[in-house]
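Throughout, numbering of the chain's residues begins at 1 and tracks the sequence. When reading the values below, keep in mind they use all heavy atoms of this one structure, side chains included, and skip hydrogens, waters and symmetry mates.
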Amino acid sequence: MEGLKPFLQGLMPDNRTAALLTGAACGVGAVVVVVQRISSHQKTMDKIQRARNRRTESLDQAEQAVLRYKASHPTTDTAHILTLSLSELTKQLQKGALTPDEVLYSYMEKTLHVNKKLNCCTGILLECFDQLKTLPSNKEGLLYGVPVSIKENIEYKNYDSSCGLVVYLDQPAEKDSVLVEVLKRQGAIPFVKTNIPQGLLSYDCSNPIYGQTLNPHNLQKTSGGSSGGEGALLGGGGSLLGLGSDVGGSIRIPSSFCGVCGFKPTTGRLSSQGVKPVYRGQKAVLSSPGPLAKDVDSLALCMQALLCDHLFSRDPTIPPIPFNLQIYQSSKPLRIGYVESDGYSQPSPSMARGIREVKALLEQAGHTLVPYSPLKVSYVLHELIIRGIFADGETSLEGGPVDSSLKTQVFPYTFPTWLKKTLSLLLKPLVSLSFRDSTVSCQLTMLEEIWLHTRREINYVVFFYQDYIQETIAYWKRCNIDVLLCPMLGPAYNFLYCGKVTSVLSYTILYNLLNFPAGVVPVSTVTVKDEEELKHYTGCYQDHWDKVFKQAVSGGEGLPVAVQCVALPWQDELCLRFMKEVEQLVKHSRK
């Protein structure tokens, strides 16, 4: 053994050699990490490019199909077809005055034109051309021959529903969503998928795969989101009926920004099977699929078509409640609550004017208007909504680049754990001063928590959430109102502001929390006077968020102004009836 010691000592490296070996190992490790990151980045970019190529190919094929059809059918009156309302169009199709081919190719041509201008489509559903050949000849479907656009996260067989996330690319749906199945059963023709924000996490409409969607009324403004592609396509005239989804205003905001009608039904009224969420376990703020259209009658017809026996049999979790036409067509005077401000976010001048003008029209028409103030808005937003939505720390964005529209919103989540905890402690005292200044603190606090409803379901959500709903309904009953008129966020924002100011979502997201049906009706446009008054806007708190909101909506002259109509849960037909009343009164006042 003694003889081995010199031998072993000879094998031991000296200090200089050891240092060189250690440095070499570190260098190799660094190279491996860099190579892995480069490889991962390249794979990500390859997936994005494949998705873009698929979109380009589908658009090119659709364009060629339109050119062939126009060459063989030169007498098709596309301009006339595009002017028809949905009710007028369905009548023409039912009696044979128009064919489904004429209608589909007319809207396909318009969609291709609008997409070149607004970048609102993620791909053409090329199977729509084959569907023309298999449409039932009996024409019994309520939407027979009607082209319908669908939001990208609504599953259609053999197409991705990426939600704007690279990680979900190259995973085509194995079957149609239930809503797509029902649309087809009613004779409708889904023909295009429309753009969304990354992860459905913003009320902008931009993602690293398909880019930014523009507003049809002003190309320097956003279309809103998350159903922003739908809003832009409808507002640009490329579709007359679309399906979106709403969790916080995702149907209503783009409808407002783009000047169309949109409806968020009571959650559970329509099937969500095949409507892809990002947060599968998130229950604090409920999502709901719903229609967007050019007018309220189109929304009602869509709901009537979807609420059929086929829907109830395909998804037995949906209560078998057909659409009640009697309630929708009622002319009974209403007792209407109206909200001028929720005390948390001051409406822009055009938002406030929209409420005043519609209130006056409703009173002139014989309805009774009573003031209404939403309960505990600041507290509810902090304790339930923000905590519920941001509980996962935006982990859904992992595995790909973050879109520029989201960088401000997700910036706190990039901090190391020790810094998150430190900042959370330092920012906590601000809660007592202004909740809106403590949003970052709330986000940082929630980063290390799991879903709110799984951790605190018994002692927090069930008691407080249900208590708040019951308290709101009791207050509604004390006010003795049928429906509610509320300000609707607008006008459309300048780019990159949606991620900077979330406080104004109080006007929309509250009704997701309450699960009240809510819809949007355009009633006016921004005037020179509105813009002048905006210069003196200070907001409710005179804080950073009020200043950012003022910047976001500036330069909006001529953009659409909308109001929001709300009803109690499961009174969807009454909500639509109220929307129709507002729409008709505004139309008559313009004449």
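Residues forming a side-chain hydrogen bond (donor to acceptor under 3.5 Å, both in side chains) with His367 (at least two apart in sequence, or on another chain): Glu581. By the side-chain hydrogen bond (donor to acceptor under 3.5 Å, both in side chains) test, Glu471 is found to be paired with Lys376, residues two or more places apart in sequence or in another chain being considered. Looking at residues two or more places apart in sequence or on another chain, you find a side-chain hydrogen bond (donor to acceptor under 3.5 Å, both in side chains) between Ser524 and Arg353. The side chain to side chain contact (heavy atoms under 4.5 Å, CB included) test applied to Glu363 returns Lys359, Leu369, not counting sequence neighbours. In this structure, the side chain to side chain contact (heavy atoms under 4.5 Å, CB included) partners of Gln364, at least two apart in sequence or on a different chain, are Ala360, Leu361. By the side chain to side chain contact (heavy atoms under 4.5 Å, CB included) test, Thr267 pairs with Leu286, Ser288, Asn515, sequence neighbours left out. In terms of the side-chain hydrogen bond (donor to acceptor under 3.5 Å, both in side chains) criterion, residue partners of Asp342 (sequence neighbours excluded) are, by chain and number, Ser506, Tyr507. Scanning for ring pair (Phe, Tyr, Trp, His ring centres under 6.0 Å) contacts around Phe263 gives an empty result, with sequence neighbours left out.
Ser330 places no side-chain N or O within 3.5 Å of a backbone atom of Ile327 that could act as its donor or acceptor partner. Panel note: side chain Glu230, backbone Ile150; a donor-acceptor pair is recorded below 3.5 Å. Ser227 contributes a side-chain N or O that, together with a main-chain N or O of Ser250, makes up a donor-acceptor pair within less than 3.5 Å. Formation of a donor-acceptor pair under 3.5 Å by the Lys294 side chain with backbone atoms of Leu234 is not found in this model. Of the possible donor and acceptor atoms, none in the side chain of Asn153 sits under 3.5 Å from a partner among the backbone N and O of Cys163.
Applying the ring pair (Phe, Tyr, Trp, His ring centres under 6.0 Å) test to residues at least two apart or on different chains, the pairs with a partner in residues 547-576 are Tyr537-Phe549. Sorted by first then second residue, the side chain to side chain donor-acceptor pair (under 3.5 Å) pairs that include residues 472-482, not counting sequence neighbours, number zero. Counting only residues at least two apart or on different chains, the salt bridge (Lys or Arg N to Asp or Glu O under 4.0 Å) pairs with a member in residues 263-273 are Arg269-Asp572, Arg269-Glu573. Counting only residues at least two apart or in different chains, salt bridge (Lys or Arg N to Asp or Glu O under 4.0 Å) contacts with residues 489-518 are absent.
Under the side-chain contact (heavy atoms from CB on, under 4.5 Å) test applied with Arg577, the options Gln571, Gln326, Lys332 reduce to a single match, Lys332.
Taking the side chain as every heavy atom from C-beta outward, Pro371 and Glu340 never approach each other to under 4.5 Å.
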Test side chain to side chain contact (heavy atoms under 4.5 Å, CB included) applied to Phe578 and Val521, step by step:
CA-CA 10 Å; Phe578 179 35; Val521 183; over 6 Å; no

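Between Glu583 and Lys580 there is a salt bridge, since at least one side-chain N of the basic residue sits less than 4.0 Å from a carboxylate O of the acidic one.
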